[in-house]
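Lettering follows sequence order; numbering is per chain, from 1. The figures here come from the full heavy-atom set of this structure, side chains too, leaving out hydrogens, waters and symmetry mates. Fair warning: this is a prediction, and the values are worked out from it, not measured in the lab.
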Amino acid sequence: MKILIKGGRVIDPESGVNAVLDLLVDEGKVARLGSGLSEDGAQPYDATGCLVLPGLVDLHAHLREPGEEYKEDIASGTAAAAAGGFTSLAVMPNTRPVVDNSSLVRSVLERVAQNGLVNVFPIGAISKGQKGEELTEMGDMKEAGIVAVSDDGKPVQSSELMRLALIYANQFGLPVFSHCEDLSLVNEGVMNYGYTSNRLGLRGIPAAAEEVQVARDLILAEATGAHLHLCHISTAGSVELVRRAKERAMAGGFRVTCEVTPHHLTLTDEAVANSQYDTDTKVNPPLRTEADLVALREALADGTIDAIATDHAPHHQDDKLVEYNYAAFGISGLETALAVIHDRLVRNGILDWLTLVQRMSLTPARIIGIDRGRLSQGAVADITIFDPALRWTVDSRQFRSKGRNTPFEGQELVGRVRTTFVSGRLVYSAG
Amino acid sequence: MGLNRKDILGLEEMSADEIRLILDTAASLKEIISRPIKKVPTLRGKTVITLFYEPSTRTRVSFELAGKYMSADTVNIATATSSVKKGETLLDTAKTIEVMGADMVIMRHPIGGAPHFMAQHLRASVVNAGDGMHEHPTQGLLDMFTIQEKKGRFEGLKICVVGDIFHSRVARSNIWGLTKLGAEVRVAGPATLIPPEIERMGARAYTDLAEALRGADVVNVLRLQLERQSKGLFPSVREYTRYWGVNRERLALAKPDALLMHPGPMNRGVEITSEIADGDQSCINEQVTNGVAVRMAILYLLLGGGEVA
């Protein structure tokens with residue numbers, strides 16, 4: 001089927017296009033781009049006043065299937081993705097069981113083929129059972145379809161295992177996605193360590209808990225010549241470490257990329273106090289300070305941070321409607337990510353549209369080596385149409401995700417996804 | 001005039017006027033405790049539940065007596081400390097209490113913010129009787145009441161809180177309450193037990209106890225939780241006592257008429273010597289009596305009682 005998307009502003013960072021153009025979709029691909037296009041038999045789509053973007057690519061989502069379908073499943077998670085403008089998700093392996101072998105990778109992909117609304121790219125575990133002891137069969141999993149390896153949620157404590165993982169993954173061209181946390185420094189913390197945790201009488205997770213492992217992993221990446229991708233960095237110190245490592249990466253023959261979440265770019269630990277201990281503010285890494293937030297924004301704008309990833313971590317209300325220490329870590333982020341970034345970073349000039357699309361679409365696609373994130377002729381027609389003027393209020397009861405755990409509940413945002421296409425097929429339409 | 005609030009969760013969010021009102025009300029109610037017949041009908045027909053997720057003797061009994069002296073019906077719920085996760089959720093407990101029709105829940109819990117959670121889900125008043133490392137507002141108020149009774153003012157007083165400040169809800173409530181009424185609060189203890197950015201709360205931190213004690217009007221010694229040693233926060237009780245234990249020589253660095261306080265229960269010979277705990281400057285027992293008076297005031301002000309007979 002042909003679709004003619006007319007009158008929208010097409011943003012394509014790969015070609016640098018940022019102009020009002022018509023876009024013809026045919027057989028799941030971008031067939032033509034131009035002004036005043038017309039096409040017999042094409043279904044017209046009026047995108048006047050909207051932005052036409054290459055579908056967003058999320059490097060970090062938890063879909064909970066298999067094993068924790070009461071929190072989320074592939075159907076609900078990919079529906080949430082479509083509603084948030086995401087057309088591709090790299091999904092973390094910390095399900096039950098952990099995705100640590102090729103048959104589980106295939107099983108996830110089979111379920112996706114049956115129930116998935118958007119593209120799903122599995123990430124395999126670094127260690128068997130994410131126990132941090134023995135490497136997984138990464139080659140076998142790569143053949144089955146993984147795009148990276150990660151022990152996300154169970155940070156690798158052994159430096160030697162991490163070193164081996166980097167070397168081993170690299171021979172198969174797999175990046176290692178590292179969730180950086182020194183657990184002895186985490187020490188049962190539940191929020192950022194600092195003035196606010198002191199005030200609230202909650203145990204704190206110091207910035208050093210992240211930075212110690214960021215430093216370790218950067219040193220190991222340099223020593224092994226591998227591709228290290230740092231998940232959800234959250235502190236000014238991590239930014240500085242990444243910046244320095246990147247200066248050496250080209251000459252040193254290693255590759256470093258990293259991501260940041262929308263919530264770390266827009267909220268601080270004050271949210272825990274202001275919400276009177278609302279457990280929807282409990283997330284790992286924790287919401288940090290204003291100084292961290294400012295450093296993350298600068299690093300995102302200047303390219304030190306490569307990508308925005310949601311760390312979509314849906315939970316059931318039973319996991320959240322409890323005392324702060326007992327609540328699960330995580331934020332359901334797919335359905336608010338783009339609107340939050342637009343409202344809080346684009347509208348006040350911190351990020352321009354081309355950079356935003358680079359960080360949320362093109363660069364994430366390149367990090368995991370998939371042919372997505374571009375809108376030139378011949379590209380796969382994964383397309384997100386965003387209305388930058390639409391005002392709405394976050395109401396988690398309307399979420400497609402089963403996870404209603406959002407710290408943005410009740411907040412007014414400007415800009416919302418109107419329509420999402422995957423390979424030219426409509427997967428989401430607002431209203 | 002009453003308190004225009006449903007709950008008392010901490011002194012941080014209370015105004016100086018609210019604190020003064022509670023202290024003044026406690027002063028007028030304290031006399032009831034020394035009557036031969038300790039009973040006024042003020043809170044007849046009101047139901048107060050004490051819900052304790054941590055062991056406590058004096059705080060719970062103090063609240064219970066305060067209720068009984070004012071003719072409220074008091075019911076105690078003691079919950080096992082360690083199996084909270086296995087048992088009923090706090091939300092379900094809140095709902096149960098709600099439908100049973102209690103007027104007030106007095107709650108102690110090992111986690112900061114648990115009373116706030118309760119308060120959000122209950123129409124009844126919630127009084128925080130200690131939540132994790134966060135606050136213990138009625139202890140703070142009874143400490144302040146004791147100081148006011150003895151010193152007649154807060155303005156310009158130097159108050160030294162000694163011990164494990166990091167984990168202490170008593171220290172936090174003391175800092176908020178006392179600084180709001182114009183006192184200078186110093187905290188002293190080993191550097192590993194001083195919380196981050198304590199100055200932003202309005203207190204000055206010292207690791208040298210002598211320096212902190214010099215010229216103090218009040219010395220408030222905190223209980224040392226001995227299990228902190230196994231977590232590596234200090235190397236031994238012996239060394240703790242050597243540097244931060246309060247004894248006669250050290251107390252002499254404070255003003256000659258300095259008050260010595262301790263929220264109890266004491267580790268005699270660890271953070272405080274028996275000699276001074278039982279000495280002339282100690283007002284540790286009076287703190288306990290004053291605790292009942294302060295809690296009577298809180299019950300009275302929150303439950304909106306009529307005239308006190």
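- Within 6.0 Å of the NZ atom in A:Lys131, the count of heavy atoms belonging to other residues, nucleotides or ligands does not exceed 12.
- Taking both residues in full, the closest heavy atoms of A:Tyr326 and B:Ile111 are given as CZ-CD1, 3.4 Å, listed atom of the first, atom of the second, then distance.
- Residue B:Arg204 qualifies as open at atom CZ: its count of foreign heavy atoms under 6.0 Å is 12 or below.
- Remark: side-chain polar atoms of B:Gln120 are paired, donor with acceptor, to backbone N or O of A:Gln276 under 3.5 angstrom.
- Surrounding NZ of B:Lys180 are more than 12 heavy atoms belonging to other residues, nucleotides or ligands, all under 6.0 Å away.
- Interface remark: of the candidates A:Asp318, A:Leu202, A:Leu200, A:Leu200 forms the most heavy-atom pairs closer than 4.5 Å to chain B.
- Comparing A:Gly201, A:Ser197, A:Gly194 by how many heavy-atom pairs each has under 4.5 Å with chain B, the most go to A:Gly201.
- For chain A, the option among B:Glu12, B:Arg169, B:Lys231 with the highest count of heavy-atom pairs below 4.5 Å is B:Glu12.
- The distance between the ring centers of A:Tyr277 and B:His134 falls below 6.0 angstrom.
- Residues B:Met201 and A:Tyr195 approach most closely at CG-CE1, 3.6 Å, considering heavy atoms.
- For the set B:Asp131, B:Leu9, B:Ile198, B:Leu90, the entry with the most heavy-atom pairs within less than 4.5 Å of chain A is B:Leu90.
- Contact check for A:Arg203 versus B:His167: side-chain heavy atoms found under the 4.5 Å cut-off.
- Note on B:Glu199, B:Met118, B:Met133, B:His121: by heavy-atom pairs under 4.5 Å with chain A, the leading option is B:Met133.
- Between A:Arg199 and B:Arg200, the closest side-chain pair of non-hydrogen atoms is not below 4.5 Å.
- Proximity to chain A (any heavy atom under 4.5 Å) is shown, for B:Ile175, by neither the backbone nor the side chain.
- Heavy-atom distances place no part of A:Thr196 under 4.5 Å from chain B, backbone and side chain included.
- A donor-acceptor pair is defined here as one N or O able to donate and one able to accept, closer than 3.5 Å; such a pair exists between the side chain of B:Arg172 and the backbone of A:Asn198.
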